[in-house]
Amino acid sequence: MRYRRGSHPSSAADQPGPHAFWRFLPAAAAYFFLVSLLLASNTPASDIARYTFYVLWGVVLPGTLVFRALRRRPHSLIEDLAFGAVTGLVLELAAWAVLVRTGAQPFAVLWPLAVVIPFAAVPRLRRHWRPRGNTPYSLGWSWSVSGTVMLTGAYFHQTFLSLYPVLPDKEGSRLFGDMPYMLSLAANAKQNVPLTLPQVAGEPLHYHWFTFAHMAMTDMVGHVDLAVIESRLMVPALAALGMVITAVVAHRLIGRAWAGPVAALLVFAVNEFTAAYPNPVATWTFGAHSVRLMSWSSLSQAYSQPLLIALMGVVGDALRRSRRDGGTSQDGDSQGSDSQDSPPLLGRGVYVLVAFFALASSAAKASTLPVAVAGLALCGLVLLITTRRIPWHVVGLGAILGGAQLFATAAIFNFESYGLEIIPFANVQNYWADPAQLRSPAFQAAVIVSTLVAFLLNHQLKLLGAIPLISKRRFRLEPVQWFLLGASVAGACAYLTIKSYNASYFTLAALNFGAVLSAWGFCETFERAALGMRGRVALACGALAYSAVLTYGIYRYSDRWSAYVTRLAGDGQGAATTYSLLLPALVLAAVLVLAALGGAALWWLGARVWPPLRGRGAIVLLTAALATGTPGLFHDVLQSRESLWSYSWVMPGSQVEAARWIRAHSEPSDVLSTNSHCWQLEGPLPAGEKCDNTRSQWLSAYSERSVLIEGWAYAPRGIALSGGSVAYNGPFWDQELFRLNEDAVYRPTAAILGRLREQHHVRYVVVHRPSGSESPLLADLAKKVYDNGRMAVYELS
């Protein structure tokens with residue numbers, strides 16, 4: 001029997017394992033580290049305790065039991081808990097729908113009994129409480145994964161947890177602009193299936209809202225305030241789950257346990273290549289930022305990521321299963337993913353898990369499932385061509401994923417396009433725009449090619465490890481590898497094909513697949529190098545040193561570098577309005593490539609003198625290339641400590657105080673009316689100016705009540721009118737209703753207030769005085785029940 005280099009003939013089960021204390025210490029260390037960060041961010045200890053109870057009772061326990069019933073043989077406790085937690089998120093959605101639809105929210109804490117009781121009562125299910133045959137991971141693996149969890153926690157503490165308040169309590173408090181909107185959707189999910197738009201009462205919300213159902217269940221089961229969930233607890237918990245499930249899936253697909261921590265680091269630490277600091281939203285050259293927007297500023301991205309990675313794992317396992325059942329490796333090599341180190345196949349229950357994760361992913365984030373479908377399509381096409389047979393197992397998997405996508409498109413999104421259009425290169429063509437046609441055809445072609453190269457450098461560094469994998473196998477890849485490659489490429493192609501900033505989320509979803517494929521190539525390259533202990537230490541220290549130098553250099557000298565490069569390469573014909581933003585990164589990349597070529601030449605010469613260098617240059621080059629994407633992580637932290645993000649806007653504490661008063665003195669079915677429609681950055685509109693920021697969402701967020709008309713920037717029908725932009729700031733579509741709403745504040749009559757009460761179920765009229773003071777007649781027609789100077793609340797009888 002042959003074993004891969006670096007593997008051991010004896011199985012882990014034959015080796016004496018560490019004491020249970022040492023095995024659980026890495027997980028305990030990560031948990032208490034996150035708790036310490038939360039406490040340092042003024043999170044109440046009672047909320048942390050209740051959230052821990054919710055996670056264990058409402059997610060991990062039922063999910064783990066169901067996962068164990070669906071998988072064939074046990075492998076490890078950490079895999080059971082990781083996949084079990086994601087399975088629990090899926091079960092939670094079904095429980096939420098039943099509880100809210102039937103009005104049984106007060107009994108939400110009991111829903112896990114629907115799983116626990118059968119698994120306690122039925123003998124065939126009872127064995128899943130304590131399965132036999134688990135193989136523990138090594139302490140090195142456990143501490144590596146624990147380290148990635150702690151790294152993500154520290155990052156989010158520095159960039160988010162310690163910067164934004166749970167509840168704004170000062171007039172100058174600032175929040176990221178979308179946080180009230182996300183909070184309002186979670187509040188709406190406590191009362192409505194499907195969700196409606198809280199800022200326009202009763203308006204359908206054709207949107208990926210599963211994230212907010214999860215937040216609602218967290219509130220209903222754990223009895224934790226939604227504001228604490230959003231601004232403190234949810235992000236580090238989901239990021240931790242994302243790291244662990246990535247490590248587990250990478251091991252399952254690649255067949256090397258140590259590939260797990262490598263893949264987790266690639267997912268989190270390798271980011272966009274840019275020579276700019278600071279790097280605010282205005283200079284994001286190719287869409288959404290891979291780390292910051294995978295988390296706190298896009299909760300749907302944070303929630304969808306573990307679901308997508310778990311889906312990747314079970315689809316990949318099903319492709320491995322087909323190979324075990326009689327398929328052959330595409331490269332004719334016995335050293336593929338089905339090695340002795342690989343976890344056992346999940347069995348026929350894998351198809352149920354595929355359906356679970358696909359359905360949950362479909363409306364967790366609209367951009368995730370399409371890239372998985374594209375990857376599966378490429379895998380099926382390659383198998384059809386190479387085997388000349390229909391790969392029915394791939395067809396079956398495609399039917400499951402396609403059915404989930406159809407469900408979301410029809411039932412959740414109502415076939416809304418949100419203004420997205422297929423216009424190739426619309427998102428990048430502004431970098432090569434030449435409206436006056438002053439460039440020669442050759443120069444224009446060079447600008448176009450350079451723009452596309454800049455896009456690949458900026459967003460696709462995680463994929464570099466796939467190059468030696470594909471090259472070594474000469475494109476004779478395994479089905480799992482084709483699946484990962486197809487999904488990785490699909491995300492970038494979607495961004496280059498679909499006109500919209502939001503198309504960048506396809507790229508972010510695809511990077512999860514790319515990270516696992518890249519980790520696969522990195523592992524094989526590393527094993528071929530056969531480094532000793534001193535070589536491994538030298539490689540790690542060199543990577544850290546290179547990353548530190550690059551991070552400091554960009555932080556300290558990026559301004560001068562940018563000015564120098566623009567001056568050097570500018571064509572004097574409007575370059576500053578087109579491709580000049582790309583020049584610093586492109587020229588820096590060229591300098592690094594030249595340095596790499598020079599280093600490769602020196603390495604080749606050195607290998608002739610010192611044979612131990614032979615065959616090891618590739619891993620040094622690949623490690624350096626991947627490390628080139630790490631400065632962005634540290635720059636995020638530095639930039640966050642120097643100034644809040646540019647989309648952090650003022651949220652006066654007096655407004656939050658008024659909204660929370662309404663929350664305490666109203667019923668969830670009550671509707672509010674307000675004159676607040678525009679979220680101004682620093683104060684009221686100057687006389688005569690028109691609002692161009694209809695993102696007023698604070699009232700529906702902090703009152704947890706629907707508003708007749710608040711802000712409509714994110715209304716699906718508005719976004720559809722905006723041509724695919726991120727917000728709609730045109731006029732409200734029902735001007736008659738809008739006039740009724742405004743008249744209630746500025747020109748009230750008994751008839752107007754009566755219509756609000758009888759026809760639209762409005763209980764409170766909430767006056768935002770910076771937007772305009774109410775008519776004196778309102779106090780005669782309605783009862784003033786709250787007034788803090790900035791805000792006044794009138795109750796309609």
Side-chain angles (χ1 to χ4, degrees), residues 27 31 50-71 74-100 107-120 125 128-131 149 186 189 210-224 229 233-249 299-300 302-314 346 349-350 352-365 368 404:
Y31 172 77
R50 282 194 292 267
Y51 187 76
T52 301
F53 162 76
Y54 151 74
V55 169
L56 296 177
W57 170 250
V59 177
V60 175
L61 177 60
T64 300
L65 291 173
V66 171
F67 173 74
R68 284 174 172 172
L70 291 172
R71 59 112 167 95
H75 172 245
S76 71
L77 176 62
I78 188 64
E79 180 178 78
D80 281 359
L81 294 178
F83 271 109
V86 182
T87 305
L89 293 177
V90 180
L91 299 176
E92 176 189 65
L93 288 173
W96 163 80
V98 172
L99 289 166
V100 176
F107 305 101
V109 71
L110 301 178
W111 87 261
L113 293 176
V115 175
V116 169
I117 290 175
F119 275 82
L125 296 177
H128 295 301
W129 288 92
R130 296 190 64 182
V149 170
F210 282 5
T211 306
F212 310 105
H214 163 68
M215 293 174 66
M217 282 294 284
T218 308
D219 180 309
M220 294 188 294
V221 174
H223 299 288
V224 183
I229 296 168
L233 301 171
M234 181 177 176
V235 169
L238 288 175
L241 177 58
M243 294 299 96
V244 176
I245 193 67
T246 298
V248 166
V249 165
L299 294 182
S300 57
Y303 172 76
S304 67
Q305 191 175 40
L307 289 165
L308 180 63
I309 294 169
L311 176 64
M312 178 206 315
V314 294
L346 293 172
V350 71
V352 179
L353 291 169
V354 169
F356 276 11
F357 300 149
L359 285 169
S361 295
S362 66
K365 190 74 173 177
T368 57

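Every value quoted in this text rests on a predicted model; they were computed, and no experiment measured them. Computation of the quantities below employed the complete heavy-atom set of this structure, encompassing side-chain atoms and omitting hydrogens, waters and symmetry-equivalent molecules.
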>> Give me the atom names and distance for the closest heavy-atom approach of Ala108 to Pro112.
In response: O-CD, 4.2 Å
>> I want to check something: taking the side chain as every heavy atom from C-beta on, are Phe107 and Leu113 in contact at a cut-off of under 4.5 Å?
In response: no
> Does a side-chain heavy-atom distance below 4.5 Å link Leu238 with Gln305?
Replying inline: no
> Is any side-chain heavy atom of Met234 less than 4.5 Å from a side-chain heavy atom of Thr218?
Replying inline: no
> Does any non-hydrogen side-chain atom of Val59 lie less than 4.5 Å from one of Leu91?
Replying inline: no
> What distance do Arg68 atom CZ and Leu125 atom CG have between them, rounded to the nearest 0.5 Å?
Replying inline: 13.0 Å
> Out of curiosity, Leu61 CG to Leu65 CG, how far, rounded to the nearest 0.5 Å?
Replying inline: 5.0 Å
> Heavy atoms, side chains only, cut-off 4.5 Å: are Met217 and Trp111 in contact?
Replying inline: yes
> So Tyr54 and Tyr51, would you call those rings parallel, tilted or perpendicular, with 30° and 60° as cut-offs?
Replying inline: tilted
> Who are the side-chain contact (heavy atoms from CB on, under 4.5 Å) partners of Ala310, not counting sequence neighbours?
Replying inline: Phe83, Val86, Ile245, Phe357
> Is Ser300 reaching over with its side chain to a backbone N or O of Thr211, donor-acceptor style, under 3.5 angstrom?
Replying inline: no
>> Return the CD to CZ distance between Glu79 and Phe67, rounded to the nearest 0.5 Å.
In response: 5.0 Å
> salt bridge (charged side-chain N to carboxylate O under 4.0 Å, His left out): which pairs involve residues 110-120, sequence neighbours left out?
Replying inline: none
> Any side-chain heavy atom of Met220 sitting closer than 4.5 Å to one from Trp96?
Replying inline: yes
> Taking atom CG of Leu241 and atom CG of Leu89, what is their separation to the nearest 0.5 Å?
Replying inline: 6.5 Å
> Are Pro131 and Asp80 side-chain neighbours, meaning at least one heavy-atom pair lies under 4.5 Å?
Replying inline: yes
>> Working to the nearest 0.5 angstrom, can you tell me the gap between Ser362 OG and Phe210 CZ?
In response: 5.0 Å
> Considering only heavy atoms from C-beta outward, does the side chain of Asp219 approach that of Val224 to under 4.5 Å?
Replying inline: no
> About how many Å separate CG of Leu70 and OG1 of Thr87, when rounded to the nearest 0.5 Å?
Replying inline: 7.5 Å
